[in-house]
Amino acid sequence: MAFTQRLHEAFKGAVERMTSHRTVSAFKEKGVLTPDEFILAGDNLVSKCPTWSWEAGDPNKRRPYFPANKQYLITRNVPCLRRAASIEEEYEAVGGEVLLDDEDDGGWLATHGALCGNKGEEDNLPSMDTTETPDRQEIRIINAYAGGNEEDVIPDMADFEEADNIVETDAATLQPPYLVANEPDDDNILRTRTYDISITYDKYYQTPRVWLTGYNEARMLLRPELVLQDVSQDHAHKTVTIEDHPHLAGKHASVHPCRHSAVMKKIIDVLMSRGVEPEVDKYLFLFLKFVASVIPTIEYDYTMDFDLGGSHH
């Protein structure tokens with residue numbers, strides 16, 4: 001697999017060097033973008049979602065068909081509170097599921113789910129009607145100490161005046177005057193991760209491409225392989241690859257763009273069939289909407305809500 005991937009990337013790089021970039025719009029017909037359309041969509045994303053920004057990147061890696069200060073988009077310190085695998089079983093379908101692309105069993109599934117309720121939780125709540133009353137003996141003793149009639153249960157302080165009755169090593173007096181909390185085992189602590197998410201333009205596929213740079217709780221870089229824990233398991237080893245970032249140093253996890261145009265074309269077709277006219281400057285909002293199904297626990301901002309042409313919420 002690694003050899004095949006390297007071979008494909010070498011071929012892809014050669015094609016990109018020998019061919020010019022797309023200049024004719026095919027947004028509605030093919031689900032692809034020209035570099036100018038990518039800039040237009042990126043400007044709209046930055047305008048509507050201030051957490052996103054344009055970056056210049058390494059000057060040696062800049063693409064000549066983009067402005068120097070608009071090479072790629074990025075949002076930083078995006079929280080990821082849970083691992084993706086831990087939430088997948090908590091969702092149940094509450095509506096239709098739209099298969100956006102099914103070629104070669106590599107389809108993208110847009111699911112509209114809701115968290116399962118904590119069924120039976122009310123049964124575990126204590127009821128004041130069923131709470132047991134302490135036995136009568138305990139109540140009688142407490143009343144006696146509070147001034148009841150049973151004087152025999154009240155200790156006589158004269159019994160403690162003799163020197164022989166002094167307790168020099170009373171265990172109660174040896175306790176520390178503060179509480180000591182023990183840390184739970186590390187295995188029981190879910191460490192919060194953060195991500196830098198970048199979007200580049202892929203000249204070969206003529207679509208945006210998402211890259212993930214993960215950090216642990218101590219803000220140390222995650223190995224790209226660990227990033228797969230925060231990717232939907234349906235896509236972790238299928239559509240997410242570890243490759244060199246086109247503008248940053250090192251290996252990064254990436255949602256591979258080989259099916260992006262087909263997925264976007266399906267979304268656009270559904271929108272148009274429902275009377276919604278898609279606009280190219282909103283392309284990245286649609287794009288990030290379906291990418292959310294791949295990285296469901298990474299809570300990035302794309303603000304505007306799309307629902308494939310149905311009623312808006």
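Rounding to the nearest 0.5 Å places CG of L284 at 8.5 Å from CG of N44. How far NZ of K282 is from CG of L40: 9.5 Å, rounded to the nearest 0.5 Å. Going from atom CG of L248 over to atom OG of S198 covers 6.0 Å, rounded to the nearest 0.5 Å. Rounding to the nearest 0.5 Å places CH2 of W52 at 7.0 Å from CG of L73.
Counting all heavy atoms, side chain and backbone alike, P296 lies closest to A84 at CG-CB, 4.3 Å. In this structure, D43 and W54 approach most closely via the heavy-atom pair OD1-NE1, 2.8 Å. Residue P67 comes nearest to I39 through the heavy atom pair CD-CD1, 3.5 Å, listed as atom of the first residue, atom of the second, then distance. Between P278 and M272, the closest heavy-atom pair is CD-CG, 3.5 Å. In terms of heavy-atom proximity, P35 sits nearest to Y65 at CG-CD1, 3.8 Å. Listed here is the closest heavy atom pair of P257 and P208: CB-O, 4.2 Å.
Following chains of ILVMFWY side-chain contacts shorter than 4.5 Å, one cannot reach V240 starting from W211, and the two form parts of different hydrophobic clusters. Both I268 and L45 are part of a single hydrophobic cluster, where members link through side-chain heavy atoms under 4.5 Å apart. Under a hydrophobic clustering in which Ile, Leu, Val, Met, Phe, Trp and Tyr are joined whenever their side-chain heavy atoms come within less than 4.5 Å, directly or via other members, L226 and V210 fall into the same cluster. Linking ILVMFWY residues whenever their side-chain heavy atoms come closer than 4.5 Å, directly or via other members, places L288 and F285 in the same cluster. Under the 4.5 Å side-chain heavy-atom criterion for grouping Ile, Leu, Val, Met, Phe, Trp and Tyr, V263 is not connected to V32 through any hydrophobic cluster.
For residues 214-233, the set of pairs meeting the ring pair (Phe, Tyr, Trp, His ring centres under 6.0 Å) definition, not counting sequence neighbours, is empty. Among pairs with a residue in residues 33-42, none fulfils salt bridge (charged side-chain N to carboxylate O under 4.0 Å, His left out), at least two apart in sequence or across chains.
For the side-chain hydrogen bond (donor to acceptor under 3.5 Å, both in side chains) test, no residue two or more places apart in sequence or in another chain qualifies with T207. Looking at residues two or more places apart in sequence or on another chain, you find a salt bridge (Lys or Arg N to Asp or Glu O under 4.0 Å) between K251 and D244. Take D196 and apply the salt bridge (Lys or Arg N to Asp or Glu O under 4.0 Å) test, not counting sequence neighbours, and it matches R219. Every residue was checked against the salt bridge (Lys or Arg N to Asp or Glu O under 4.0 Å) condition with E299, not counting sequence neighbours, and none meets it. With sequence neighbours excluded, the residues satisfying ring pair (Phe, Tyr, Trp, His ring centres under 6.0 Å) with Y283 are F27. Qualifying side-chain hydrogen bond (donor to acceptor under 3.5 Å, both in side chains) partners for K28, counting only residues two or more places apart in sequence or in other chains: E277. For the side-chain hydrogen bond (donor to acceptor under 3.5 Å, both in side chains) test, residues two or more places apart in sequence or in another chain that qualify with Q206 are R22. Every residue was checked against the side-chain hydrogen bond (donor to acceptor under 3.5 Å, both in side chains) condition with E225, not counting sequence neighbours, and none meets it. Residues passing the salt bridge (Lys or Arg N to Asp or Glu O under 4.0 Å) test with R76 are E55, sequence neighbours excluded. With sequence neighbours left out, H247 forms a ring pair (Phe, Tyr, Trp, His ring centres under 6.0 Å) with Y72.
Side-chain atoms of T194 and V78, non-hydrogen and from C-beta on, never get closer than 4.5 Å to each other. The side-chain heavy atoms of M264 and L286, taken from C-beta on, include a pair separated by under 4.5 Å. Residues S261 and K30 form no side-chain contact, since every pair of their non-hydrogen atoms from C-beta on lies 4.5 Å or further apart. At least one side-chain heavy atom of V291 sits less than 4.5 Å from a side-chain heavy atom of F287. By the 4.5 Å heavy-atom criterion applied to side chains, T75 and S53 are not counted as neighbours. At least one side-chain heavy atom of Q71 sits under 4.5 Å from a side-chain heavy atom of R63.
Between the R259 side chain and the H256 main chain, no donor and acceptor come within less than 3.5 Å of each other. R82 contributes no side-chain N or O that, together with a main-chain N or O of C80, makes up a donor-acceptor pair within less than 3.5 Å. Here the side chain of S273 pairs a donor or acceptor atom with the backbone of V270 at under 3.5 angstrom. Here the side chain of Y300 pairs no donor or acceptor atom with the backbone of Y195 at under 3.5 angstrom.
The residue from T297, N216, D230 that alone fulfils the side chain to side chain donor-acceptor pair (under 3.5 Å) condition with R193 is D230.
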task = Quick one: do V24 and T34 satisfy side-chain contact (heavy atoms from CB on, under 4.5 Å)? Show the steps, please.
result = CA-CA 7 Å; V24 178; T34 67; 5.8 Å; no
inquiry  = As a quick check of understanding, evaluate salt bridge (Lys or Arg N to Asp or Glu O under 4.0 Å) for K265 and D269, giving each step before the final call.
reply    = CA-CA 6 Å; K265 178 65 168 65; D269 286 347; 2.8 Å; yes
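Side-chain contact annotation: H252 with T213, donor-acceptor N/O pair under 3.5 Å present.
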